Structure formats: C-alpha cells, structure tokens
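When a residue number appears, it is its place in the shown sequence, counting from 1. None of these values were measured; they are calculated from a predicted model.
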Amino acid sequence: MLTRIKNTSWVLTKMLPVVIVAAILASCTDNFDSLNTDATKISSVGSKEYPFMFAYALMTPTLSPDNFEVGEGTIASVYSQFLSQAAHSFPTDRYVIRQDWMPACWNPVYTAAAPQLKTIMAGTETQSAENALANIWWVWMFHRITDYFGPIPYSDAASGKRYVSYTPQDSIYYDFFKRLDAASTVLKSRSGDKPFGTYDLVYNKNAAPAAAWMKFANTLRLRLALRISKVNPEMAKQQAEAAVAAGVITDIADDAYMPKSTTTYAEYNGLAVTAGWDDVRMSASMESILKGYEDPRLPIYFQPSVSTGTYEGVRNGLFTSEKIIDINSRLFNSNMGTRWATWVGSDWKTTYNVPQNILHAAEAYFLRAEGALNGWNMGGTAEDFYKKGIQASMAQWGVTDQAAITKYIANTSVPIAPKDGMNSPAVNDYPVKWSSSETMQRKQVAQQKWLALFPDGMEGWAEVRRTGLPKLYPIVHSENPDLPEGTFIRRMPFLDTEKQTNAAEVEKAVKMLGGPDNAATPLWWDKN
C-alpha cells in the first residue's frame, strides 16, 4: 500500500527549486535525528523563493496519498467513526498501533513544511501579510500533530539541533493563541494585500485573500479555544470571544480547501485515493444517523453498495474473519461518495483532483453555538448558530433545496437501527429539531458539528475525545491491551524512531503526559 503511487510529487510543478531543496533534505535523513542537523537548514534562499516555499509548506501537511492512507485515513478517519475499515489487512480499526505507519503524519510536517515556514518567518517583517500567513499555517499543521501525540517537538522544530526537546501541550496551545492573535491583527491592517500571489493555494482565487486568511485565523482560534474549554475555561472564553469579535468565517465563500490536481499540481487527494484503493467504508454510526435523519448529505458523503444498491454501513473493530461475511464485506457496504471514487465495471476509479477540506463556515457556526451554551458572547444565540451551521453545511455540499433544509431543521426523527451484521441498535437518540433541554442541545450541536466536519477525520476524532459526543458505537473488538472493549482511544504513542534517536527527550515528554506512553492516556485538554 505504501508503494502503490511511486511517481506522486507533493508540490506544484513550478516549484522545482524548492522541491530540490526539500528532496536534498529528505535524502539526508530517514529519521528525526538527522532531520534536526544543520543539513536541514534552508539558508541559500531569498524572498523570491518564499512564494514557492509557502506553497510547498501548504501542500505537504495535507499528506500525499501514501501518507494519508496510513497517517490519517485508517487512523483518525476511523477513530472518529466517519469511516470503517474495509481492508482485511488493516488492524488499526481494532486499536492496534502500527508504529511503522506513524511517520506518515509526522515527517511531512517536520521534514518538509516546518523548515520552509521557519525560513519565511525569519526572513519577513513581522508586520507583513506573508509573515502572518506563515504563522497561521504553522498553527494549523502543528495543532493536528499535537492533538495526535500530546507533547511534541515544537519550540525546537526545524532548529538544526541534534537532540530536539519536546514542548508540553499547554505551552504549545498558548503559543498558538499568541500567533493567531498577532497574525489576525496584522491582516486586519493589510486586508488589501495578496500575499504570495498565486502561490497561496488556499485563497489566491478569493477577491480579498488577506481578509479571508484573517477569518481563517480567527476561526482556527475559536476552534482551539473550545478545545481547551474544559481544562482552562477562563482562557477559552477570552480567546473565543476575541476570535469572534475579530471576525470568523460566516460564508462558504471563505471556506478553505487545498486544491488537488493531476494537471495544475502533481498532487492527488489522499482520501479519494484511499477510497479508490477500496480501504474504507461508511461506518455504522454514520448509517444510523444519516438514515434516521433522512439527511440530504447521505448520497453526497457516500454511495450505494455495489451488491445491494442501498446505503449500508459497517461497525468499527471487526475481525478479518467477520469482514468476509457478506453483510460486513466491502461489496455490501458503502464506499465514499462519487466525489471521491466511482465503481466502473469491476473496480474503483479514483477522482484524483477533488479539493481537500480544511476549514469551513459550518464549523464556525457550531463552535459559536457551543460557546453560546457556555455563556460566552458569541454575537447571537446557540439556537440561531445551530440552524445557521446546518444551513452552511448543506450549502457547502451543494444542497440548495430550501424547503428540504427547512424540513430537516424541524426534523424530530432520531437515528435508526442500521440493520447491520451486528444487529446494532440506534447509535443514539438525538433529534435534529432544537430541544428545550440544554443537555440535549449540547448533544445536538456536537452531532451536527460531527456531521459537518466530515470528512476531516483528524478534527472529528479530536472533537469526539474532547466532548464525548456524539455518542458512537463502541468498537466491536479491541486488540490493544491498554484499551479494553468499551473504552475509547485517546492518542497515538510517541514514535519508535524518536525513541531510538531522541530517547532522552522522549523520556521527558512521557513525564509531561501525566500517564504512560500508550493510546489510553488522555491529552492535556481531554478531560471528558
């Protein structure tokens, strides 16, 4: 599986000079110890190369197909229960930790993106829009890594040191807020700028890219504020209110995507390739909820199974022997929607150039709804933001029938029993129609946000850990002794390669965890 795409470049074909630099960096090392030697420094480039470098730093942390498959698609996307594993040989659905897969989500940040961004930040004025964008993206990519592992090399990332210290997760988050606050302030004063021109892959087609990035920064800040709401409620409230006051994403025109293309870019959508490789299926949790709600997004998120012509999900955590039973097998369950792959003849055809989801207005509205339930000043009511979040998500996915959307928002139906191979009951009992009970309101916000976050598995998994919501099915079987059946996976253990090459610092990092270095130890913000 790691060799199925051998000629995939990770960057714009016009970015050859930076690709060469990055290739030299990568060829010098197969581990993080070598990464942090002087050989990784990018010291012979100037401001003319910064646009190339920024584009490269944008693309690589979204993961090439090989890295996406084992670094996100069969880990976070499965643990969030957006998806279930179809591939018989993949044990991660049963909480087996594959250490040989862990570098897939780690290395692209440390070996490719961080050196580029650090060079840009060092070489640009702090009050420039270019510096602001580099800091914003720095936060975006590192928040995904720290939410996988906990303490990570952060302050010393791309420092050139031989042994790289780990930073506690609370310190990392506090630095995130400082960077995002400063970047938002800079971009507010430079709203007419077009930093990096066409090499801003996310917003270069936006009429006001700097203003769009400012909203991105504040929405990310709001996301992170909610993330720490149980461990530091005072700071969470302060940061959330400041983010909303500065301006978050409110319109899908400012939604953020990472373009993927077989022509303009030599880069494929990793999730689409994973679907084309026949690795994933709709989870039973998704089936229970989407079918119960008669959700208009069902035929967009997924497609009918090849054998039955109906939408069918499968429980997470099945043994290989159970996956060969018809009702649990690949042909009897729904693959990703035709946006990502289609069944042609007797095989799956991948849609390589579908954009990758990054950050959206729908999430911003649901974050504000939760903040309002917390008593924070979010600029409106929880109910209003909840409904706007549903509307934004529908619009994002091309659902334009207003009558259908209005009916959906008023829907009193609840998830249903999926009639799967495990005779599962309904996954939970949350209706769509806004409840008069605050307890149910929180469940509703969490469930609709979970649906709107699809297919961003990393964020979906983080939110389920943080809130314990929505209620999902327990995995059927766990093969991880640290996670007995009925428990939920909380993090990824530190990399074996780090333990081999940076052992003393990893030992210090384990002490920062406040528990053993295993998948059952919750992260700093995980107080659920």
Check: Counting only N and O atoms by type, is there a donor-acceptor contact under 3.5 Å from the side chain of Thr219 to the main-chain atoms of Ala364?
Finding: no
Note to self: Closer than 3.5 angstrom, by distance alone: can the side chain of Tyr110 be matched with the main-chain N or O of Pro153 as a donor-acceptor pair?
What the structure shows: yes
Notebook entry, point to check: Is there side-chain contact between Phe385 and Met378, with heavy atoms separated by less than 4.5 Å?
Noted result: yes
Next item on the list: Assign the ring pair Trp137 / Trp213 to parallel, tilted or perpendicular, where the plane angle (0 to 90°) is split at 30° and 60°.
Entry: perpendicular
Note to self: Just verifying a value: how many Å separate Leu224 CG and Met235 CE, rounded to the nearest 0.5 Å?
What the structure shows: 12.0 Å
Next item on the list: Indicate yes or no: at least one non-hydrogen side-chain atom of Ile409 is less than 4.5 angstrom from one of Gln391.
Entry: yes
Next item on the list: Could you note down all residue pairs passing salt bridge (charged side-chain N to carboxylate O under 4.0 Å, His left out) where residues 193-202 supplies at least one of them, sequence neighbours left out?
Entry: Arg190-Asp193
Check: Just by distance, do the side chain of Ser80 and the backbone of Gly460 share a donor-acceptor pair under 3.5 Å?
Finding: no
Notebook entry, point to check: Between Ala446 and Pro470, which heavy-atom pair has the shortest distance, and what is it?
Noted result: O-CD, 3.9 Å
Notebook entry, point to check: Taking side chain as C-beta onward, heavy atoms only, is Val280 less than 4.5 Å from Ser77?
Noted result: no
Checklist line | Test log, rule side-chain contact (heavy atoms from CB on, under 4.5 Å), inputs Thr119 and Met53 | finding: CA-CA 9 Å; Thr119 300; Met53 297 169 69; 3.6 Å; yes
Notebook entry, point to check: Under the side-chain hydrogen bond (donor to acceptor under 3.5 Å, both in side chains) criterion, do Ser165 and Glu505 qualify, and how do the steps go?
Noted result: CA-CA 5 Å; Ser165 64; Glu505 298 302 330; 5.0 Å; no
Checklist line | Side chains of Asn131 and Tyr50, donor plus acceptor under 3.5 Å | finding: no
Checklist line | Heavy-atom pair with the smallest gap, counting every atom of Ser393 and Ala362 | finding: N-CB, 3.6 Å
Margin query: I want to check something: taking the side chain as every heavy atom from C-beta on, are Leu373 and Val445 in contact at a cut-off of under 4.5 Å?
Written below: yes
Next item on the list: State whether Asp517 and Arg491 are salt-bridged, where the test is any N-O pair (Lys NZ or Arg NE/NH1/NH2 against Asp/Glu carboxylate O) under 4.0 Å.
Entry: yes
Notebook entry, point to check: Between Phe68 and Asn269, is any pair of side-chain heavy atoms under 4.5 Å apart?
Noted result: no
Next item on the list: Keeping the roles fixed (side chain from Thr146, backbone from Gly150), state whether a donor-acceptor pair exists under 3.5 Å.
Entry: yes
Note to self: Let's go through Asn135 and Met121 carefully: what are the C-alpha distance in whole Å and the side-chain angles of both, what is the deciding distance for side-chain contact (heavy atoms from CB on, under 4.5 Å) to 0.1 Å, and is it a yes or a no?
What the structure shows: CA-CA 7 Å; Asn135 273 281; Met121 289 186 283; 3.3 Å; yes
Notebook entry, point to check: Step by step, would you call Trp461 with Phe82 a ring-ring contact (aromatic ring centres under 6.0 Å, His included)?
Noted result: CA-CA 9 Å; Trp461 181 35; Phe82 285 166; over 10 Å; no
Item checked: Test log, rule salt bridge (charged side-chain N to carboxylate O under 4.0 Å, His left out), inputs Asp526 and Arg490 -> CA-CA 8 Å; Asp526 182 359; Arg490 316 310 300 191; 2.9 Å; yes
Check: Can you tell me if Ser191 uses its side chain to pair, donor with acceptor, with the backbone of Ala211 under 3.5 Å?
Finding: no
Notebook entry, point to check: When Lys237 is tested against each of Glu234, Glu241, Gln239 for side-chain hydrogen bond (donor to acceptor under 3.5 Å, both in side chains), which residue passes?
Noted result: Glu241
Next item on the list: Identify the two heavy atoms, one from Ile97 and one from Ala519, that lie closest to each other, and give their separation to 0.1 Å.
Entry: CD1-CB, 4.1 Å
Notebook entry, point to check: Heavy-atom count around Lys499 NZ within 6.0 Å, excluding the residue itself: above 12?
Noted result: yes
Item checked: Heavy-atom check, side chain of Trp450 versus side chain of Val464, under 4.5 Å -> yes
Margin query: Please report whether the ring centroid of Phe494 lies less than 6.0 Å from that of Tyr166.
Written below: yes
Checklist line | Ion pair Lys449/Glu463, N-O distance below 4.0 Å | finding: yes
Check: Closest heavy-atom contact between Thr167 and Met512?
Finding: C-SD, 4.0 Å
Item checked: Side-chain (Tyr301) to main-chain (Leu451) donor-acceptor, under 3.5 angstrom -> yes
Check: With a 3.5 Å cut-off and no angle check, do the side chains of Glu72 and Asn67 form a donor-acceptor pair?
Finding: no
Next item on the list: For the pair Asp496 (side chain) and Gln99 (backbone), establish whether a donor and an acceptor sit closer than 3.5 Å, ignoring hydrogens and angles.
Entry: no
Notebook entry, point to check: Cationic tip of Arg227 within the cone over Trp525's six-membered ring, i.e. under 6.0 Å and within 45° of the normal?
Noted result: yes
Notebook entry, point to check: Of all heavy-atom pairs between Gly380 and Ala372, which one has the smallest distance, and what is that distance?
Noted result: O-CB, 4.1 Å
Item checked: Nearest non-hydrogen partners of Trp138 and Ala114, listed with the distance -> CZ3-O, 3.8 Å
Next item on the list: Any chance you could lay out the side-chain contact (heavy atoms from CB on, under 4.5 Å) test for Leu133 and Leu187, step after step, and finish with the verdict?
Entry: CA-CA 9 Å; Leu133 265 59; Leu187 292 174; 3.9 Å; yes
Item checked: Spacing of Phe196 atom CZ and Leu58 atom CG [to the nearest 0.5 Å] -> 8.5 Å
Note to self: Between Ile289 and Asp295, is the side-chain contact (heavy atoms from CB on, under 4.5 Å) condition met? List the steps.
What the structure shows: CA-CA 8 Å; Ile289 296 167; Asp295 197 305; 5.9 Å; no
Check: Are Phe302 and Phe454 close enough that their ring centres sit under 6.0 Å apart?
Finding: yes
Notebook entry, point to check: Centres of the Tyr199 and Phe54 rings: under 6.0 Å?
Noted result: no
Check: Going by an N to O cut-off under 4.0 Å, is there a salt bridge joining Asp147 and Arg465?
Finding: no
Check: Below 4.0 angstrom, N of the basic side chain to O of the carboxylate: do Asp181 and Arg221 qualify?
Finding: yes
Notebook entry, point to check: Under 3.5 Å, side chain of Gln356 to main-chain N/O of Thr62, donor-acceptor pair present?
Noted result: yes
Margin query: Treating Gln447 as the side-chain partner and Gln444 as the backbone partner, does any N or O pair qualify as donor plus acceptor under 3.5 Å?
Written below: no
Next item on the list: Count the heavy atoms belonging to other residues, nucleotides or ligands that lie under 6.0 Å from NZ of Lys230, then report whether that count exceeds 12.
Entry: yes
Next item on the list: Kindly assign one of parallel, tilted or perpendicular to the pair Trp524 and Tyr173, based on the angle between their ring planes and the thresholds 30° and 60°.
Entry: tilted
Check: Can you check whether Met336 reaches Leu271 side chain to side chain, under 4.5 Å on heavy atoms?
Finding: yes
Note to self: If you apply the rule ring-ring contact (aromatic ring centres under 6.0 Å, His included), what do you find for Trp106 with Phe149, and how did you get there?
What the structure shows: CA-CA 10 Å; Trp106 178 282; Phe149 300 97; 5.2 Å; yes
Note to self: Any salt bridge linking Lys387 with Glu383? Criterion: basic side-chain nitrogen under 4.0 Å from a carboxylate oxygen.
What the structure shows: yes
Next item on the list: Keeping the roles fixed (side chain from Thr351, backbone from Val354), state whether a donor-acceptor pair exists under 3.5 Å.
Entry: no
Note to self: Checking side-chain polar atoms at under 3.5 Å, does Asn218 have a donor or acceptor matched by the opposite partner on Ser184?
What the structure shows: yes
Notebook entry, point to check: So does Arg144 pair up with Asp456, basic N to acidic O under 4.0 Å?
Noted result: yes
Notebook entry, point to check: Mind checking whether Phe142 and Tyr154 have parallel, tilted or perpendicular rings, split at 30° and 60°?
Noted result: perpendicular
Checklist line | pair Ile75-Met102: side-chain heavy atoms closer than 4.5 Å | finding: yes
Notebook entry, point to check: Could you give the distance from OG1 (Thr274) to CG (Asp279), rounded to the nearest 0.5 Å?
Noted result: 6.0 Å
